[in-house]
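As the structure is a computational prediction, the values presented were derived from the model and not from experiment. Letters A, B, ... mirror the listed sequences (proteins, then strands); counts begin at 1.
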4 protein chains.
Amino acid sequence: MTESRTVPEHLRDAVAQARVQVAALHAELPRWGLVVWTAGNVSQRVVADPDGGPGPEDLLVIKPSGVTYDTLTPESMVVCDLDGTLVEGDRSPSSDTAAHAYVYRHMPEVGGVVHTHSTYATAWAARREPIPCVLTMMADEFGGEVPIGPFALIGDDSIGRGIVETLRSSRSPAVLMANHGPFTIGADAKAAVKAAVMVEEVARTIHIALQLGTPHPIEQDKIDSLYDRYQNVYGR
Amino acid sequence: MTESRTVPEHLRDAVAQARVQVAALHAELPRWGLVVWTAGNVSQRVVADPDGGPGPEDLLVIKPSGVTYDTLTPESMVVCDLDGTLVEGDRSPSSDTAAHAYVYRHMPEVGGVVHTHSTYATAWAARREPIPCVLTMMADEFGGEVPIGPFALIGDDSIGRGIVETLRSSRSPAVLMANHGPFTIGADAKAAVKAAVMVEEVARTIHIALQLGTPHPIEQDKIDSLYDRYQNVYGR
Amino acid sequence: MTESRTVPEHLRDAVAQARVQVAALHAELPRWGLVVWTAGNVSQRVVADPDGGPGPEDLLVIKPSGVTYDTLTPESMVVCDLDGTLVEGDRSPSSDTAAHAYVYRHMPEVGGVVHTHSTYATAWAARREPIPCVLTMMADEFGGEVPIGPFALIGDDSIGRGIVETLRSSRSPAVLMANHGPFTIGADAKAAVKAAVMVEEVARTIHIALQLGTPHPIEQDKIDSLYDRYQNVYGR
Amino acid sequence: MTESRTVPEHLRDAVAQARVQVAALHAELPRWGLVVWTAGNVSQRVVADPDGGPGPEDLLVIKPSGVTYDTLTPESMVVCDLDGTLVEGDRSPSSDTAAHAYVYRHMPEVGGVVHTHSTYATAWAARREPIPCVLTMMADEFGGEVPIGPFALIGDDSIGRGIVETLRSSRSPAVLMANHGPFTIGADAKAAVKAAVMVEEVARTIHIALQLGTPHPIEQDKIDSLYDRYQNVYGR
């Protein structure tokens, strides 16, 4: 799609800024207990043509593969094109880069993607059960249940395609890929990190509620009302 | 109720002090694992007429909306009147300010209010089940069960009214608003934060006790005795 | 029993040392997640007559009442006699001091006492179920089950008596007081803190094991063998 | 097997380097919540004949017995031969050294060993149930279920033998010793620590998944495919 192998001159500042942001946002993943060891990754889109908006020539900034969280710096982040090919960086990109890139290619409204194996969200994913919307904070953030995506093996576009197909038919910014874990999206990387934090929070709270009985459902019109109000205040 | 739009001269010191206290107390919420991201808020009443006691001209100091916990400073706190209208501050007040303000308007004995979505308390709230008083520390602090408040949507006075109506008929300084989460009150913000910490602690411990059987009940006269002793030693 | 109201000259160094140790050991309670807010307390015996051994003239050093963990210093610790009466210190002793003092009066081999409301241990206490010995580390440390003590109200010697009567007929250094929480003992305060850490660890691990089935029992002769070996290596 | 009682001259640098690595890797155990107090230990093999490869004259570097995690330094680590006899160090080696040494004697491909009592893995061990492979990250790292080893008492070679016999018939780098806890192996100590972190993560996540139903199985050929891909990228 793109043949660039270096960061174009006019994007140097935007890439440098994204490196700083993406490195800082990775620190939020262990901070909120979403990852162990080197698992998990955050990426952000860098729009190649700010006037024309998101497009196939965009770049993405992501974590390198197999690096521990306490050694992540802006300089160690890597830059790829939207085919997932390395454009700039000393190390290999995260092995999940292809899934991130697929999302950016097919969802122009998405500016950030996060993947974790956070414990409770992954437990729902192992059972392939969507998380029901029984909390007001979940209505605010997700506008309904958190859906399950298909079982997909790493190595081609199946994970990316599963994410996109599932999220297109949902208001949720999070999908639980079957037997795998959550992927979240947002207008930028920060919003996607927030969705990763929140999906684990609702996965845990509703799991615990279900351990001793049945949560009261919230009627759909109340969910809609909460979601509309919250999204109008904070945007997404 | 009040038409003030600036902090009156004679309250400048009290407001400055409350800003320091409320900012510091917010740090207790992530410290004890009660909040994620920007959720949760602490407020404190500033009495307008120290001789006459609490009244409708009082102010409240609260967290601004959507600010992360590691960037909270005394200066970033906002001041509102008891209608929830902004009096001083660079940012919007927390979207829960109306509920805090309602409590201060209707419960003059309350000097501090805290709201979180702490995990175990919120799980009880999702099932709309009060937490039974089966621990001596719970008898000390709550004097009985932690009650459930009504399901109420944000946007008008229904949350505030639900808090006040529920707490008026209970010794508990905490109420679990249905499908939403806990609100706590106290003589000042610190006491309300303590109640927020303790309600999560008893919600978690009693949840865990119930997972493998049935806790032994404590007789009502023993609960009364523990509560009376504790409140006489520490006040509330 | 003792009429001293000041620390005798010949014990000044020992008391100063115990203040340092007890203050430092309190930091272990939040570090291992055993306490919230100001709950929990550690004490250590100061032997009045080092030649004659433990006796009724001994002192104890303990945490003052209602002080938060991040403000504890050697200077803020308080000194009491074995009736629980304040001998030295600016604040009231912990409200659990009478229970600590009772243990020191009746168990001369005990040099340290710890009390917490640690979550999982307290959950077993709420059900009044002893923790069964199904882990090798539990055989090492406890030599069998962790027993349940009676339900006792604060205010007289009933808590202390319940601790002593239960521990005298057990190898366990920990007792779960009914609907209340664990008390642990040791040759010194550090050993009692270790027992407090370990009782929560086995309470949690065995709770989790029981959630999905039944742990395999360990035969009594194997428990005895593990306990004897461990206690001969490390003492108690 | 070996009669050396001092570190041979030609291994001084390698031992010094291993001391630094093993001390640093111990900090990962409390960091990821795998240990309390002084429990748990990490060791690394030092090959005596780098040209000839692993052999009976190798040494191992391990944690001393009963030392707290915040006081571990390279200097405080101890060096033993592969019979578990102390070669260099001021303190006794960990009481689990015999089990580590047995593994190095019988599995030349192993360069690092870790032992913990991490909570969820130990809970599976208490029930003597292998952890089923129902997560893609588990297929990546373990290539199948995590097996249960025999019940074995400390004091002779039974723990070591149980580890080796179980791991030889498995792709998993982790074994759950019955009623005891996990032992993990790796090409070096860092890889064994990673396996210790990951076995707790999958033990916890799959425990939680099972609490509310049944995880979907992953077909064996998909497990094989994930395992082969992951091991070819990262090695083991």
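- In this structure, no portion of C/E200 lies under 4.5 Å from any heavy atom of chain D.
- Interface remark: C/L226 contributes side-chain atoms only to the contact with chain D (heavy atom separation under 4.5 Å).
- By number of non-hydrogen pairs under 4.5 angstrom with chain C, the leading residue of D/E129, D/H180, D/M177, D/H207 is D/H207.
- The CD atom of C/Q211 sits 4.5 Å away from atom CD of D/Q211, with the distance rounded to the nearest 0.5 Å.
- C/E28 and D/W37 make their closest contact through OE1-CZ3, 3.7 Å (heavy atoms, listed as atom of the first residue, atom of the second, distance).
- C/T136 OG1 to D/I159 CD1: the interatomic distance, rounded to the nearest 0.5 Å, is 7.0 Å.
- Here the shortest heavy-atom pairing between C/R31 and D/D70 reads NH1-OD2, 3.3 Å.
- Put simply, the side chain of D/R127 gets close to the backbone of C/A209: a donor and an acceptor are under 3.5 Å apart.
- Separation of atoms CZ (D/F151) and CD (C/E219) is listed at 7.0 Å; rounding is to 0.5 Å.
- Of the listed residues (C/L210, C/I218, C/V134, C/I208), the greatest number of heavy-atom pairs within a distance under 4.5 Å of chain D belongs to C/I208.
- Heavy atoms closer than 4.5 Å to chain D are found in the side chain of C/M198, but not in its backbone.
- Taking a 6.0 Å sphere around CG of C/D13, one finds it holds 12 or fewer heavy atoms contributed by other residues, nucleotides or ligands.
- Among residues two or more places apart in sequence or in another chain, the side chain to side chain donor-acceptor pair (under 3.5 Å) test is passed with D/Y120 by none.
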- D/H117 and C/E201: side chain to side chain donor-acceptor pair (under 3.5 Å), yes or no, with the steps? CA-CA 9 Å; D/H117 299 154; C/E201 183 73 356; over 6 Å; no
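- Of all the heavy atoms in D/A126 and C/L135, the pair that sits closest is CB-CD2, 3.8 Å.
- Atom-to-atom distance recorded for D/T119:OG1 and C/I206:CD1 is 11.0 Å, nearest 0.5 angstrom.
- If you take CG on D/N179 and CE on C/M137, they are separated by 11.0 Å, rounding to the nearest 0.5 Å.
- Across every non-hydrogen atom of D/V36 and C/W32, the tightest pair is CA-CZ3, 3.5 Å.
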